[in-house]
Amino acid sequence: MSTSEQSSPEPEHTSAGRKRAEAAAASETPKVEQVPVAAAAPASNASKPGKPVYKDRVYRSPAGLVGGVLLLGLFAWLGGDAVVSGEGRTPWLALASMLVAVPLVVAFSVRPAVFANDDRLRVRNPFRVIDLPWASVVSLRSGYTNEVVDQGGAKYQLWAIPVSLRGRKKAARHQAREAHRAAKGDGGGRTASVARPVRAETDQIVADLRELCEARAKAVGSQGEPSVRWAWEIVAPAVAGTVLLVVLIALG
C-alpha cells in the first residue's frame, strides 16, 4: 500500500509534463502551416489568366461570298470541259487560265474577312494580312470605303466590310420617317433627338469596332506594333499561272 502511494506522484508529474508539451506543440503547429499556404496563394493566382479569352468576331461580305462561289462553279464547269474535251493546246491553256483566275476570284470574294477580339484587329485582305493591336489603331474611317489607320499613318482598306450607298440612303429615309413620326406624336422632335441614330449595316459594324478600340486601347493585352504579311498562298499560284499562260501564248 505504501509502495503504491509512493509511486503514484511520479506518473502524475510525467503526464502533466507531457500534456504541457503537447499543448505547446499544438499551439505552434498552425503558425508553421499557415506560412507556406499564404506564400503559395499569390503563385496560384499569378498562374491564372487575367481575363477570359473570347472567340473572334468575324465580319464578311455575304454578297462577295455568293458571287465568288458562283464564279468558281462557272470556272470549274467551263475549265473542266475544256480540259476533258479540248484538243491540242486547249487543255493546257485552260489549266493555265484557271490557275490565274481561281486564286484571284478567291482573293477578292471568298478570302476577305475582318477578325476582332479584345486585344487586336486582324484584317485579311486579298493579298495581305494585317494584324493591328488596338493600341496601334488611330482611327476607323467610314467614307466611300471603310479603312483603318495605324500610328504610322498607314491606311488599310477593310475589303470584307464594303460601303453600301444604297444602305445609307435606306437608313437615312428610315431616320427621316422616325423623326417625322416623333415630331407629330410628341412635339418638338425631342424623342427623335434622343433615339439612337439608324445606320447602314456596314456603318454600324465600323461604329462597333470604333467603340471596341476606344474601350480596349489601353489594355495590357492590346499593346504592340502592327504587322503585315503577304498572302503567298494566293500570290504564288496566280504568278505561276500567269507565267505559264504567257509562255503558251508565246510558243503559239
Side-chain angles (χ1 to χ4, degrees), residues 45-69 71-72 99-165 167-168 199-242:
N45 292 334
S47 62
K48 296 180 181 180
K51 60 182 180 60
V53 179
Y54 298 97
K55 293 183 178 179
D56 290 349
R57 307 176 194 178
V58 184
Y59 303 97
R60 294 177 181 270
S61 172
L65 289 173
V66 172
V69 170
L71 280 177
L72 290 175
L99 194 58
V100 175
V102 170
L104 293 179
V105 171
V106 171
F108 287 97
S109 61
V110 180
R111 176 180 169 80
V114 173
F115 305 88
N117 58 27
D118 285 347
D119 294 335
R120 62 193 63 244
L121 178 72
R122 185 159 64 94
V123 182
R124 194 169 70 189
N125 280 344
F127 301 112
R128 293 187 299 177
V129 177
I130 303 98
D131 197 354
L132 297 161
W134 288 121
S136 66
V137 175
V138 174
S139 65
L140 284 150
R141 301 175 182 175
S142 182
Y144 290 104
T145 60
N146 292 319
E147 58 187 16
V148 57
V149 183
D150 66 7
Q151 290 179 343
K155 301 177 183 178
Y156 306 102
Q157 186 175 348
L158 306 179
W159 283 81
I161 311 177
V163 171
S164 174
L165 297 179
R168 286 180 177 176
R199 295 189 178 99
E201 182 179 1
T202 55
D203 291 342
Q204 184 60 49
I205 292 174
V206 174
D208 293 341
L209 292 176
R210 192 180 297 116
E211 291 178 0
L212 182 59
C213 177
E214 293 174 354
R216 297 292 303 171
K218 296 182 180 179
V220 176
S222 302
Q223 308 303 311
E225 298 294 329
S227 63
V228 180
R229 179 182 66 85
W230 285 94
W232 294 111
E233 64 274 15
I234 297 293
V235 175
V239 171
T242 302

| note | Sorted by chain and number, sequence neighbours left out, side chain to side chain donor-acceptor pair (under 3.5 Å) with R111 holds for E233
| Quick one: side-chain contact (heavy atoms from CB on, under 4.5 Å) partners of N125, sequence neighbours excluded? | V123, I130, W159
| task | Say whether, by atom type as modelled, one donor and one acceptor occur between the side chain of S136 and the main chain of L132 under 3.5 angstrom. | result | no
| query | Could you give all pairs that pass the salt bridge (charged side-chain N to carboxylate O under 4.0 Å, His left out) test and reach residues 127-138, with sequence neighbours left out? | reply | R120-D131
| Going through the distances and angles, do I234 and V106 end up as a side-chain contact (heavy atoms from CB on, under 4.5 Å)? | CA-CA 8 Å; I234 297 293; V106 171; 4.2 Å; yes
| said: Please find the pair of heavy atoms, one from N146 and one from I161, that lie closest to each other, and give the distance. | reply: ND2-O, 2.7 Å
| message | For a side-chain contact (heavy atoms from CB on, under 4.5 Å) check, start with the C-alpha distance between F115 and R124, then their side-chain angles and the critical distance, and finish with the verdict. | response | CA-CA 8 Å; F115 305 88; R124 194 169 70 189; 4.0 Å; yes
Give the table of side-chain donor-acceptor pairs shorter than 3.5 Å for residues 60-69, with sequence neighbours excluded, one pair per line with atom names and distance.
{"residue": "R60", "atom": "NH1", "partner": "V110", "partner atom": "O", "Å": "3.1"}
{"residue": "S61", "atom": "OG", "partner": "G64", "partner atom": "N", "Å": "3.3"}

| message | Quick check: closest heavy atoms across L99 and A240, and the distance to 0.1 Å? | response | CD2-C, 4.2 Å
| said: I'd like to know if the side chain of R210 and the backbone of L140 have a donor-acceptor N/O pair within less than 3.5 Å. | reply: yes
| task | Can you tell me which residue pairs pass the ring-ring contact (aromatic ring centres under 6.0 Å, His included) test with a partner in residues 127-146, sequence neighbours excluded? | result | F108-F127
| query | How many angstroms lie between CG in L209 and CG in L158, if you round to the nearest 0.5 Å? | reply | 7.5 Å
| said: Less than 4.5 Å apart, side chain to side chain, heavy atoms only: is that true for D118 and L212? | reply: yes
| Do D150 and V137 come within less than 4.5 Å of each other through their side chains, counting heavy atoms only? | no
| request: Search all heavy atoms of A238 against all heavy atoms of V100 and return the closest pair with its distance. | output: O-CG2, 4.0 Å
| said: Quick check: closest heavy atoms across A217 and A135, and the distance to 0.1 Å? | reply: O-CB, 3.4 Å
| message | Just to verify, what does R141 make a side-chain contact (heavy atoms from CB on, under 4.5 Å) with, not counting sequence neighbours? | response | S139, E147, V149, K155
| field | Pairs meeting criterion side chain to side chain donor-acceptor pair (under 3.5 Å) with involvement of residues 217-232, two or more places apart | value | none
| Between D119 and R216, is a side-chain contact (heavy atoms from CB on, under 4.5 Å) present by the stated rule, with each step listed? | CA-CA 7 Å; D119 294 335; R216 297 292 303 171; 3.6 Å; yes
| query | In chain order, what residues pass the salt bridge (Lys or Arg N to Asp or Glu O under 4.0 Å) check against D203, with sequence neighbours excluded? | reply | R168
